[in-house]
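Structure record follows, encoded as structure tokens.
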Amino acid sequence: MAFSAASISNTSRTLSTPSTTFSQLNNKISPSHFSSSLSLSPRSSPLRRGFVSQWGRMESLRGHVSSSVKAVLVDESKEKFKLLKGDMWSVHKFGGTCVGSSERIKNVADIILKDSSEGKLVVVSAMSKVTDMMYDLINKAQSRDDSYLSAVDAVFEKHRLTAMDLIDGDDLASFLSRLHHDINNLKAMLRAIYIAGHATESFSDFVVGHGELWTAQMLSYVVRKNGLDCEWMDTREVLIVNPSGSNQVDPDFVESEKRLEEWFSRHPSKTIVATGFIASTPQNIPTTLKRDGSDFSAAIVGALLRARQVTIWTDVDGVYSADPRKVSEAVILRTLSYQEAWEMSYFGANVLHPRTILPVMRYDIPIMIRNIFNLSAPGTMICRPAENEDSHKLESPVKGFATIDNVALVNVEGTGMAGVPGTASAIFGAVKDVGANVIMISQASSEHSVCFAVPEKEVTAVAEALKSRFHEALNAGRLSQVAVIRNCSILAAVGQKMASTPGVSATLFNALAKANINVRAIAQGCSEYNITVVIKREDCIRALRAVHSRFYLSKTTIAMGIIGPGLIGATLLDQLRDQAAFLKEDFNIDLRVMGITGSRTMLLSDVEIDLSKWRELVKDKGEVADLEKFTQHVHGNNFIPNTVLVDCTADSSVASCYHDWLRRGIHVITPNKKANSGPLDQYSKLRALQRQSYTHYFYEATVGAGLPIISTLRGLLETGDKILRIEGIFSGTLSYIFNNFIGTRAFSDVVAEAKQAGYTEPDPRDDLSGTDVARKVIILARESGLKLELSDIPVQSLVPQPLRASASVEEYMQRLPQFDSEMARERQEAEDAGDVLRYVGVVDAVSEEGRVELRRYKKDHPFAQLSGSDNIIAFTTTRYKEQPLIVRGPGAGAQVTAGGIFSDILRLASYLGAPS
């Protein structure tokens with residue numbers, strides 16, 4: 001039975017009365033009618049004449065194949081045109097973007113021509129956007145929107161223009177004739193859909209499959225035009241699939257293989273261009289392979305041919321270790337196992353649909369992912385891993401990371417669940433009844449609760465179904481709750497080598513903890529191909545970046561905010577500028593300054609500030625300083641998992657923010673002494689928070705500028721030593737003054753010289769008062785375990801009493817010479833006794849006290865041997881009792897202080913995973 005376009009139109013008119021139902025129409029016009037005549041009209045040689053429902057009656061008018069083809073692909077001893085299978089075949093698949101224009105179709109032809117394989121089968125999708133256009137035709141027709149006719153004309157025109165740019169002569173005439181015929185048939189079918197107001201799945205599948213038919217024909221013409229023998233295959237004649245529910249189909253490999261051999265016996269060729277996406281049911285009704293159908297077509301055909309390789313051509317360079325839109329340092333993976341690709345695609349990675357991998361896995365056929373727009377990129381090979389992987393021992397056990405957003409957790413909890421058979425079945429039966437998809441399941445061995453993840457849009461229905469199903473158990477108290485946690489994301493780490501590598505889970509969770517990410521649920525199968533965690537949606541990108549960085553696939557990246565670009569802050573910024581490239585290249589440490597703020601002006605950047613011109617940028621693009629906005633900006637950049645704020649001020653109001661920053665997961669580094677020498681209870685809370693979290697608080701530069709005073713003290717305590725006494729010259733300014741207060745020099749002259757050289761604060765009284773030294777003493781005392789307040793430390797001030805209230809620095813400096821005699825007398829008495837004067841701070845751990853004072857030391861004492869502005873600290877401990885441990889070095893100056901801060905920054909990077 002055959003219908004022409006005209007007969008369909010007549011039928012449509014006879015069925016146009018309101019009483020005619022679509023089921024009646026469907027009975028009169030079934031898809032098999034269209035598959036027998038409307039879909040594939042006759043055409044002239046060398047193309048096939050038609051596609052009929054009785055496969056055995058397919059007629060071939062093809063020309064003879066060349067002798068070279070016979071030599072390779074034809075076994076004449078058994079059957080004239082028998083299909084030989086194996087490594088001589090390579091399969092290529094080109095998606096819609098690859099064949100999106102005439103120029104791109106020419107590029108595809110070039111790739112086919114350059115493939116040296118003996119046999120090539122090329123699977124093509126419809127041109128870019130055409131499948132969407134075909135679905136739009138159906139939607140408009142069943143909505144009785146008359147514009148479907150003009151939309152059909154647009155489809156025709158797109159392919160007509162493309163064909164005219166690609167082919168000419170008889171080939172063009174033949175294709176356009178076929179195109180006209182197909183378009184007329186489509187209009188007839190769409191008219192029938194328009195009348196019925198509905199399209200069955202079979203009708204829809206028939207309509208949308210035309211794009212692949214037209215692309216395959218055009219490409220085959222172009223290949224033949226370039227001198228290569230080529231035939232095109234309508235895969236509805238070959239691929240047979242059975243619907244399996246859930247919008248999926250299962251290939252019938254036995255029947256498909258039989259039909260492929262029959263097809264090839266009639267149309268032998270070295271090069272075959274096949275339609276992707278479309279197939280037929282066992283009843284010969286046209287259908288599609290659903291989502292990612294063209295990839296699936298290529299995998300099925302590759303398996304049928306036992307091909308050497310299936311190459312999927314796309315618009316990306318390969319499979320990335322993470323979504324490059326979320327992790328800018330994501331890398332192309334050179335190889336993936338089938339299982340790894342399967343896992344990553346399930347969790348949303350742009351790899352392949354899991355079912356695409358199944359056919360090729362049966363025969364260990366590798367899949368190659370290549371970029372048609374970047375042929376120099378090596379791509380990603382998906383294959384069975386080699387048994388001996390000694391050459392890849394340094395490869396990360398985790399190949400990649402993927403995420404699923406918009407997820408909700410459902411937790412069913414209660415003591416009545418433990419040991420009761422069928423509880424899990426009842427739970428997931430209720431979930432199945434509402435048609436929800438369970439993404440992940442986690443259950444503790446106590447059986448007290450079952451937790452699972454579903455798409456957030458389905459969670460309300462799931463929760464209601466569970467509460468209804470367990471209504472009695474909830475009322476009786478056997479179940480305590482059905483709880484829903486919304487706004488979640490799933491993060492999966494995937495890698496086949498995870499199973500044989502100890503510590504992967506520890507590394508993963510350590511990276512999440514250090515990025516201050518809370519894990520809400522965990523799942524891992526015994527195969528250990530993936531570890532799945534559920535986290536807050538807002539933490540997803542930061543978590544992804546943190547774990548990706550931790551497995552050495554990217555740099556250890558830290559977002560930095562610099563507070564106080566004064567002398568020390570500016571010097572630090574210049575040091576960062578000079579070292580950034582070296583640290584990134586040699587140590588995988590990527591330090592990105594995202595913000596700089598002073599008391600009046602701040603500079604913010606979404607990527608990072610160019611430190612080669614930060615001063616100009618602050619001046620030209622600075623905005624009004626706002627510390628909270630500054631903090632939010634630096635910490636809120638989800639592309640960088642780790643944040644540190646560096647406080648280079650001496651401001652107590654900035655120091656008061658440390659506790660909140662640490663609580664929010666922001667690391668803090670500072671030379672500012674105000675926090676650690678402030679009220680004891682605030683210091684205790686700060687240190688307690690630091691110990692309880694994975695957030696770091698480093699303050700080496702608060703005591704010794706660039707000298708390792710704090711770290712030395714901690715090293716002694718952590719190894720079990722006991723501090724007896726700490727004594728030292730902690731002020732570089734006062735060290736300079738007393739190292740130069742010799743002979744007959746006046747004290748006021750030495751102070752003026754130190755001020756002129758930049759050793760003192762703008763007001764020298766800030767140094768001479770001893771308060772700064774007292775703060776250092778209290779910090780060391782507290783680090784040693786003493787619970788002292790700053791007010792507990794007696795301080796000998798070197799500022800004469802009458803000058804402490806001087807109105808200005810100038811007045812103070814003018815009047816200071818009036819008091820030189822007192823200091824000269826102190827010096828003379830010390831010299832007469834063979835001593836020198838030194839201004840020191842002392843922590844007496846035995847008597848639990850501290851003090852700051854001017855003391856005398858013998859000329860052979862280490863404190864007497866200093867020069868310039870050096871600091872010196874002596875640790876007397878149970879181990880270093882007879883001869884104290886001495887730390888000596890420069891204790892003042894912007895360079896050494898900034899260097900101490902920089903050292904803390906690098907220590908933080910090491911703690912966060914940078915290689916040592």
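Side-chain atoms are counted along with the backbone in the values below, which use heavy atoms only and exclude waters and symmetry mates.
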Under the side chain to side chain donor-acceptor pair (under 3.5 Å) rule, collect the residues that match up with [X], sequence neighbours excluded.
X: Ser90; value: Asp115, Ser117
X: Asp606; value: none
X: Tyr338; value: none
X: Ser376; value: Asn374

I'd like to know if the side chain of [X] reaches the main chain of [Y], judged simply by a donor and an acceptor atom lying under 3.5 Å from each other, with no hydrogens or angles considered.
X: Ser280; Y: Arg236; result: yes
X: Ser256; Y: Ile240; result: yes
X: Arg266; Y: Glu262; result: yes
X: Ser337; Y: Glu340; result: yes
X: Arg306; Y: Ala303; result: yes
X: Arg370; Y: Ile312; result: no
X: Glu343; Y: Val494; result: no
X: Thr215; Y: Glu212; result: no
X: Lys225; Y: Leu166; result: yes

Derivation and outcome, side chain to side chain contact (heavy atoms under 4.5 Å, CB included), residues Ser489 and Arg537: CA-CA 5 Å; Ser489 290; Arg537 186 189 305 164; 3.5 Å; yes
Trp232/Leu213 under side chain to side chain contact (heavy atoms under 4.5 Å, CB included): CA gap, chis, key distance, verdict: CA-CA 9 Å; Trp232 79 272; Leu213 293 168; 3.9 Å; yes
Ring geometry between His92 and Phe94 (parallel below 30°, tilted from 30 to 60°, perpendicular above 60°): parallel
Quick test of your reading of the model: are [X] and [Y] salt-bridged, counting only N-O distances below 4.0 Å?
X: Glu201; Y: Lys290; value: yes
X: Lys85; Y: Glu257; value: yes
X: Asp229; Y: Lys270; value: no
X: Glu118; Y: Arg308; value: no
X: Arg178; Y: Asp182; value: yes

About how many Å separate [atom2] of [Y] and [atom1] of [X], when rounded to the nearest 0.5 Å?
X: Met233; Y: Phe264; atom1: CE; atom2: CZ; result: 9.0 Å
X: His159; Y: Ser102; atom1: NE2; atom2: OG; result: 12.0 Å
X: Phe206; Y: Met134; atom1: CZ; atom2: CE; result: 9.0 Å

Step-by-step side chain to side chain contact (heavy atoms under 4.5 Å, CB included) determination, Ile490 to Asp405: CA-CA 6 Å; Ile490 285 178; Asp405 292 323; over 6 Å; no
Determine whether the side chains of [X] and [Y] contain a donor N or O and an acceptor N or O closer than 3.5 Å.
X: Tyr194; Y: Asp145; answer: no
X: Ser174; Y: Tyr221; answer: yes
X: Glu237; Y: Thr235; answer: no
X: Asn242; Y: Asp250; answer: no
X: Glu456; Y: Asn406; answer: no
X: Asn185; Y: His181; answer: yes

Which atom names give the shortest non-hydrogen contact between [X] and [Y], and what distance separates them?
X: Met127; Y: Thr162; value: CE-OG1, 3.5 Å
X: Ala216; Y: Thr275; value: CB-CG2, 3.8 Å
X: Asp315; Y: Phe373; value: CB-CE1, 3.6 Å
X: Thr356; Y: Pro359; value: O-CD, 3.4 Å

Find out whether [X] and [Y] are in side-chain contact, i.e. whether some heavy atom of one side chain is under 4.5 Å from a heavy atom of the other.
X: Leu289; Y: Val241; value: yes
X: Val331; Y: Tyr320; value: no
X: Leu186; Y: His210; value: yes
X: Met218; Y: Phe175; value: yes
X: Trp313; Y: Ile111; value: yes
X: Val155; Y: Trp214; value: yes
X: Lys399; Y: Val319; value: no
X: Met164; Y: Leu172; value: yes

How would you list all residue pairs meeting salt bridge (Lys or Arg N to Asp or Glu O under 4.0 Å) that involve [range], not counting sequence neighbours?
range: residues 374-383; answer: none
range: residues 147-161; answer: Asp153-Lys187, Glu157-Arg160
range: residues 121-133; answer: none

Does [X] have any salt bridge (charged side-chain N to carboxylate O under 4.0 Å, His left out) partners at least two apart in sequence or in another chain, and if so, which?
X: Asp136; value: Lys140
X: Arg355; value: none
X: Arg104; value: none
X: Lys93; value: Asp295

Selection residues 120-147 - residue pairs positive for ring-ring contact (aromatic ring centres under 6.0 Å, His included), sequence neighbours left out: none
CA sep, side-chain torsions, deciding dist, call: Val301, Leu239, side chain to side chain contact (heavy atoms under 4.5 Å, CB included): CA-CA 8 Å; Val301 173; Leu239 299 186; 4.2 Å; yes
Derivation and outcome, ring pair (Phe, Tyr, Trp, His ring centres under 6.0 Å), residues Phe156 and His180: CA-CA 8 Å; Phe156 169 77; His180 273 290; 4.7 Å; yes
